[in-house]
Asker: 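Got a structure for you, written out below as structure tokens; questions coming shortly.
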Amino acid sequence: MTHLLAMTLALLLDALLGDPRWLPHPVRGMGTLIAWLDRRWNQGTKRRAKGAAAVAVVLAAVYGLSALVVYVGYALSVYVGVAIEAALIFTTIATKSLAEAAEDVRRPLEAGDLPEARRALSMIVGRDTERLDEAGITRACVETVAENTSDGITAPLFYAALGGAPLAMLYRAVNTCDSMLGYKNETYREFGWAAARLDDALNYIPARLTALVMVLVCGGRRLRLALSILFRDARRHPSPNSGWPEAAMAGLLGVQLGGTNTYGGIVSERPTLGDPDVPLRSVHIRQAVGIMIRTVLAFTLLLLWIGGMIVALAGAWGESARVV
């Protein structure tokens with residue numbers, strides 16, 4: 001129950017504070033360690049083994065330090081322990097900052113200021129943004145909101161409910177390793193292999209559960225259609241997990257995501273997700289953020305309900321054992 005309480009408090013902290021720049025963030029420390037290992041080990045032979053070792057070092061450091069801090073907190077007091085857990089889990093989620101980043105794109109886009117909308121978009125996506133029109137900007141922003149609903153919010157909450165702050169921090173460490181090392185290019189194809197595969201494994205259940213919650217909670221009149229699009233298109237995405245929340249979002253909005261992207265001047269063709277029932281417009285960014293918020297709230301309530309049921313069953317089992 002302490003994990004669930006800490007998770008709930010973390011969500012409240014995120015709603016109030018977001019990601020303040022003045023607050024030291026553990027991801028920066030993770031990034032520093034990953035970059036240091038990258039410089040020293042990503043060379044010579046046996047790069048796949050060296051990359052796996054680098055990920056192991058990062059995870060051991062992050063999980064070990066987090067577990068130690070939480071253990072000391074609970075040794076002092078359950079209140080201190082919950083507060084420390086909540087603070088750590090808070091650093092792993094990004095509901096408010098994701099919503100604010102999307103709004104930073106939507107506002108100038110709605111005002112017709114395409115250069116500013118492209119600049120704001122470039123802060124949250126890896127693709128080239130210089131030549132995107134309104135539909136292209138909207139598509140990129142909606143895809144980012146959908147993908148990060150899982151990667152940046154519900155997945156860390158899922159692991160926080162399972163194992164508290166240490167497991168949520170471990171998930172964030174894996175995610176950071178993947179974002180820094182998991183590229184499919186000559187430099188990282190071997191060294192980043194372990195980071196990419198582990199990130200895929202940890203996101204497998206959260207991505208699918210998030211997509212289902214998204215459709216069931218936000219489907220309304222489009223429920224059946226959105227479900228059919230989800231199961232039809234989710235596996236088309238080159239990522240084994242990102243396609244699930246993106247296909248769910250496409251089905252709910254009645255738009256088509258995916259298609260042609262450009263990265264560093266290199267064109268990348270991706271399968272499309274969803275049907276183009278309506279053209280992509282700036283209003284879809286606002287709608288995507290609303291879907292994201294409702295999904296996170298429903299996902300949290302689901303975790304709390306499951307956790308409460310487990311605690312109740314465990315208590316009933318303990319009582320029956322004592323009677324026997």
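Worth knowing before you read on, the calculation uses all heavy atoms, side chains too, and leaves out hydrogens, waters and symmetry mates.
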Asker: Is the shortest heavy-atom distance from the side chain of L304 to the side chain of M7 under 4.5 Å?
Answerer: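 Heavy-atom side-chain distance check passes, below 4.5 Å.
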Asker: Counting heavy atoms not belonging to R197, are there more than 12 under 6.0 Å from its CZ?
Answerer: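 It does: R197 CZ has more than 12 such atoms within range.
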Asker: Kindly check if the number of other-residue, nucleotide or ligand heavy atoms within 6.0 Å of CZ (R131) is above 12?
Answerer: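 Atom CZ in R131 is not packed in, count stays at 12 or less.
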Asker: If you link I, L, V, M, F, W and Y whenever their side-chain heavy atoms are under 4.5 Å apart, who else ends up in the same group as L225?
Answerer: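 Same cluster as L225: I229.
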Asker: Quick one: does D277's side chain have a donor or acceptor within less than 3.5 Å of a partner on V255's backbone?
Answerer: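 Here the side-chain-to-backbone pair does not exist.
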Asker: Is it the case that more than 12 heavy atoms not belonging to Y263 sit under 6.0 Å from its OH atom?
Answerer: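 Yes, because the 6.0 Å sphere around OH of Y263 holds more than 12 heavy atoms from other groups.
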Asker: Do you know the tightest heavy-atom contact between G219 and L252?
Answerer: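 Residues G219 and L252, closest heavy atoms: CA-CD2, 3.5 Å.
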Asker: Which heavy atom of V145 sits nearest to which heavy atom of M292, and what is that distance?
Answerer: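 Smallest heavy-atom distance, with atoms named: CG1-CB, 4.0 Å.
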Asker: Kindly indicate whether a cation-pi arrangement holds for R189 with F191, taking the cut-offs as under 6.0 Å to the six-membered ring centre and within 45° of the axis.
Answerer: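 The answer is no; the distance or angle limit is not met.
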Asker: What pairs with D38 under side-chain hydrogen bond (donor to acceptor under 3.5 Å, both in side chains), at least two apart in sequence or on another chain?
Answerer: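 With sequence neighbours excluded, D38 shows a side-chain hydrogen bond (donor to acceptor under 3.5 Å, both in side chains) to N42, Y188, given in chain and number order.
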Asker: Using every non-hydrogen atom in the two residues, find where T144 and I124 come nearest and quote the distance to one decimal.
Answerer: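 For T144 versus I124, the nearest heavy atoms are CG2-O, 3.8 Å.
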Asker: Mind listing the closest non-hydrogen atom pair of R139 and G259 along with its distance?
Answerer: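 Taking R139 first and G259 second, the nearest heavy atoms are NH1-N, 4.1 Å.
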Asker: Count I, L, V, M, F, W, Y as connected when their side-chain heavy atoms are under 4.5 Å apart, and connections chain through other members. Are L5 and Y159 then in the same cluster?
Answerer: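 Per the 4.5 Å side-chain linkage, L5 and Y159 are not co-clustered.
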Asker: With a cutoff of under 4.5 Å between side-chain heavy atoms, which Ile, Leu, Val, Met, Phe, Trp and Tyr residues group with F231?
Answerer: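 Members besides F231, by chain and number: L212, V215, L216, L223, L227, L230, W244.
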Asker: Go through R232 and D275 one step at a time and tell me if the side-chain contact (heavy atoms from CB on, under 4.5 Å) criterion holds.
Answerer: CA-CA 11 Å; R232 184 193 73 191; D275 299 324; 2.9 Å; yes
Asker: If hydrophobic clusters are built from ILVMFWY residues whose side chains come within less than 4.5 Å, do L162 and M169 share one?
Answerer: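 Different clusters.
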